[in-house]
A.B. asks: 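Quick one: the structure is below, and I'll ask about it shortly.
So you know, we letter chains A, B, ... as the sequences are listed, proteins then strands, and number each from 1. All values reported here derive from a predicted model rather than from experimental measurement.
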Protein chains: 2
Amino acid sequence: MAKSVTARALDLLGVFDSEHRSLTLSELARRTGTPLGTAHRLVGELVRWGALAREPDGGYVIGRRIWQLGLLAPVQSELRTAASPFLHDLYGATLATVHLAVRDGLEVLYIDRLAGHVSVPVVSKIGSRLPLHATGVGKVLLAYAPDDVRANALQNLTRVTAYTVTQPARLLEQLRRVRAEGYATTGEEMSLGACSVAVPVRNGDAVVAALGMVVPDLRRQLPRLVSALQVAAQGIGRTLASVQWK
Amino acid sequence: MAKSVTARALDLLGVFDSEHRSLTLSELARRTGTPLGTAHRLVGELVRWGALAREPDGGYVIGRRIWQLGLLAPVQSELRTAASPFLHDLYGATLATVHLAVRDGLEVLYIDRLAGHVSVPVVSKIGSRLPLHATGVGKVLLAYAPDDVRANALQNLTRVTAYTVTQPARLLEQLRRVRAEGYATTGEEMSLGACSVAVPVRNGDAVVAALGMVVPDLRRQLPRLVSALQVAAQGIGRTLASVQWK
DNA sequence: GATACCTTTCCGTTCAACGGAAGCCCGGTG
DNA sequence: CACCGGGCTTCCGTTGAACGGAAAGGTATC
């Protein structure tokens, strides 16, 4: 299956994640199913180029060059920089945990986050992925996703908490309302004690991201939060559109 | 020279930089000296894995997966997160542009930056590299670098402005003073109208980074800035040491 | 000093990668 | 409309780089 050299080399990088930031050569070989001899050579090349680095303790970690490259990715260089000041405003105005996310395949990918000093159990981390159907930002992204994506996502509504929506019909109805009303909400569907609201961020007509916040309870303040979110999302969209043509 | 497939694939990624965030297939082929047929195949694999992505306009850009990986790099995940609150404090206290940087080979690599709304001409960007001998953070990193690095760096003191120190003997003397006094300064050596101060950030005994600021003029406030920097650097070091063993 | 685990080096075989060339798809131009 | 130049994609026969098993070298553990 994974035959090509390139694919193998990339897979060696791919086994790193936030729980495994440092791996030994043999761990890498095991996790990728690469024979040791081969892994040794490939890792050597990756280190030479700067994609991996060797720690004093002998473990391998992701190298600085990858980090530098990552800064050039559009999510980072355009979306994130455009959104950053608005996230701060939003956080300042509400003191809730604020999220910026995009859809990547059938998952939500968190681009940025501003967390208040604890308060609500929040699962997301910058760069992490969560299912589309159990988060506020996820529902927004799903609501505006192409039909085939939505169809695929509905196939597989895994249960996370007792409140997670797992019936396709019910979720579809919710998504319809998201499009009608312009915002999505969740109530403890991803983690108990956490509710969320989210709105789309548009560049022109296209929905390119979602902006959301997590709070312990929605009832009283929903209108206020929605309008704060919409103002910020508007600002981000405007910034994106203006940066586009320089 | 660059024969191995892996090296070629990596080189394809390596030609992206902040001036060239989006490249077409044939640009990639030209810039790496790869025949088109080969480039096509390799780029295809990179896209399949998520290292590159194709924009609607047909150009290739760095993919989200690389960005995600970059977040796992130690510079980002340890240094940057440990330092972030202290950078904010420092910025709040002084309103000067604040920098965190490490040495990478014979260059300064900027890890984080907090810029005031214009004021002084600042060259650095997050993820960018500059020569070691012409910046405050660079001098600090050079002062505490291993002997062979320092020797190599002194070979090649390129002139940037009229004030850049280009005589090895003079720079060596400055570095001696940096070690003795615990901070480095520059006066318009990198860019006219900008002076800088910097101090080392230590993790235990080892100097792992440098913390600096850029201001229009140093004379009057030097002692105040140095002590603010030292307090912050101390804090960062403490945080690093405590995170180390979890 | 034996054990267990990791890393590094070596080398003959083989099959994946190579890249030249030919065809495709556009958009611009005479 | 026909032509042209550009970038993109596909194809295929040859070849040498990549493969991976095996064995030797390290280093902590019992």
Side-chain angles (χ1 to χ4, degrees), chain A residues 1-17 19-63 65-66 72-74 244-245, chain B residues 1-17 19-63 65-66 72-74 204 244-246:
Chain A
M1 179 105 275
K3 291 284 194 64
S4 103
V5 213
T6 317
R8 288 194 164 195
L10 291 171
D11 283 343
L12 284 173
L13 297 178
V15 297
F16 287 88
D17 63 38
E19 274 82 54
H20 304 91
R21 291 186 181 168
S22 176
L23 296 169
T24 71
L25 180 61
S26 19
E27 281 171 328
L28 282 165
R30 263 198 306 277
R31 287 167 149 268
T32 53
T34 316
L36 244 144
T38 306
H40 182 257
R41 186 171 35 85
L42 291 178
V43 166
E45 294 194 77
L46 292 170
V47 169
R48 215 162 307 126
W49 188 80
L52 292 180
R54 195 143 196 199
E55 296 267 84
D57 67 9
Y60 290 96
V61 292
I62 297 294
R65 194 140 175 206
I66 293 283
L72 304 177
Q244 210 86 159
W245 318 113
Chain B
M1 180 103 271
K3 291 284 195 64
S4 104
V5 212
T6 317
R8 286 191 166 198
L10 292 171
D11 284 342
L12 247 5
L13 297 177
V15 298
F16 287 88
D17 63 41
E19 274 84 52
H20 304 91
R21 292 187 182 167
S22 176
L23 295 170
T24 72
L25 180 60
S26 18
E27 282 172 327
L28 282 166
R30 264 198 304 278
R31 288 168 147 267
T32 54
T34 316
L36 221 95
T38 306
H40 181 257
R41 185 171 34 86
L42 290 178
V43 166
E45 293 195 77
L46 292 170
V47 169
R48 215 164 305 127
W49 188 82
L52 291 181
R54 195 143 199 198
E55 296 267 85
D57 67 9
Y60 291 96
V61 292
I62 296 293
R65 195 141 175 207
I66 293 281
L72 304 176
Q244 208 85 160
W245 319 114
K246 68 114 192 266

A.B. asks: Just by distance, do the side chain of Arg65(A) and the backbone of Trp49(A) share a donor-acceptor pair under 3.5 Å?
C.D. replies: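 A pair under 3.5 Å: yes.
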A.B. asks: Given atom CG of Asp57(B) and atom P of dC26(C), what is their separation to the nearest angstrom?
C.D. replies: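 That distance rounds to 16 Å.
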A.B. asks: Pick one: which of Leu52(A), Val43(A), Leu42(A) meets side chain to side chain contact (heavy atoms under 4.5 Å, CB included) with Leu13(A)?
C.D. replies: Leu52(A)
A.B. asks: Given atom CG of Leu28(A) and atom C1' of dC5(C), what is their separation to the nearest angstrom?
C.D. replies: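 After rounding, the reported distance stands at 16 Å.
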A.B. asks: Name the residue closer to the 5' end of DNA chain C, choosing between Leu25(A) and Thr6(A) according to the nucleotide with the nearest heavy atom.
C.D. replies: Leu25(A)
A.B. asks: What is the separation between atom CG on Leu23(B) and atom C1' on dG7(D), rounded to the nearest whole Å?
C.D. replies: 14 Å
A.B. asks: Taking atom P of dG7(D) as reference, at what distance in whole Å does atom CD of Glu55(B) sit?
C.D. replies: 19 Å
A.B. asks: Nearest 0.5 Å please: distance from the CG atom of Leu72(A) over to the CD atom of Glu19(B).
C.D. replies: 9.5 Å
A.B. asks: Which angle, to the nearest 10 degrees, lies between the helix axes at the two ends of the helix from dG1(C)-dC30(D) to dC24(C)-dG7(D), each defined by five pairs?
C.D. replies: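 Result, rounded to 10 degrees: 50°.
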A.B. asks: Nearest 0.5 Å, please: how far is CD in Glu55(B) from CZ in Arg21(B)?
C.D. replies: 11.5 Å
A.B. asks: Distances under 3.5 Å only, N/O to N/O: pair up the protein atoms with those of nucleotides 20-23 of chain D.
C.D. replies:
from	atom 1	to	atom 2	distance (Å)
dG20(D)	OP1	Arg8(A)	NH2	3.2
dG20(D)	OP2	Arg8(A)	NH1	2.6
dG20(D)	OP2	Arg8(A)	NH2	3.4
dG20(D)	OP2	Thr38(A)	OG1	3.2

A.B. asks: Compare the minimum distances between each of dA18(D), dC18(C), dT9(D) and the side chain of Leu42(B), then state the nucleotide with the smallest one.
C.D. replies: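 Side chain of Leu42(B) sits closest to dC18(C).
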A.B. asks: Would you compute the distance between atom CZ of Arg41(B) and atom CG of Leu36(B) and round it to the nearest 0.5 angstrom?
C.D. replies: 12.0 Å
A.B. asks: When rounded to the nearest 0.5 angstrom, what distance separates CG in Leu28(A) from CG in Leu12(A)?
C.D. replies: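 The distance works out to 6.0 Å.
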A.B. asks: Atom CZ of Arg31(B) and atom NE2 of His20(B): how far apart are they, to the nearest 0.5 Å?
C.D. replies: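 The NE2 atom of His20(B) is 4.0 Å from CZ of Arg31(B), to the nearest 0.5 Å.
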A.B. asks: Nearest to the Thr24(B) side chain among dA17(C), dC8(D), dC6(C), which nucleotide is it?
C.D. replies: dC8(D)
A.B. asks: Without decimals, in angstroms, what is the distance between Arg31(A) CZ and dC6(C) P?
C.D. replies: 13 Å
A.B. asks: Would you mind telling me which of dC6(C), dG7(D), dT9(D) lies closest to the side-chain atoms of Arg30(B)?
C.D. replies: dG7(D)
A.B. asks: Looking at CG of Leu10(A) and CD1 of Ile66(B), how far apart are the two atoms once the value is rounded to the nearest 0.5 Å?
C.D. replies: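 The CD1 atom of Ile66(B) is 7.5 Å from CG of Leu10(A), to the nearest 0.5 Å.
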A.B. asks: Between Ser4(A) and Glu45(B), do the side chains contain an N or O donor and an N or O acceptor separated by less than 3.5 Å?
C.D. replies: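 Present: a donor and an acceptor within the cut-off.
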A.B. asks: Given dC8(D), dC18(C), dT8(C), identify the nucleotide with an atom nearest to the side chain of His40(A).
C.D. replies: dT8(C)
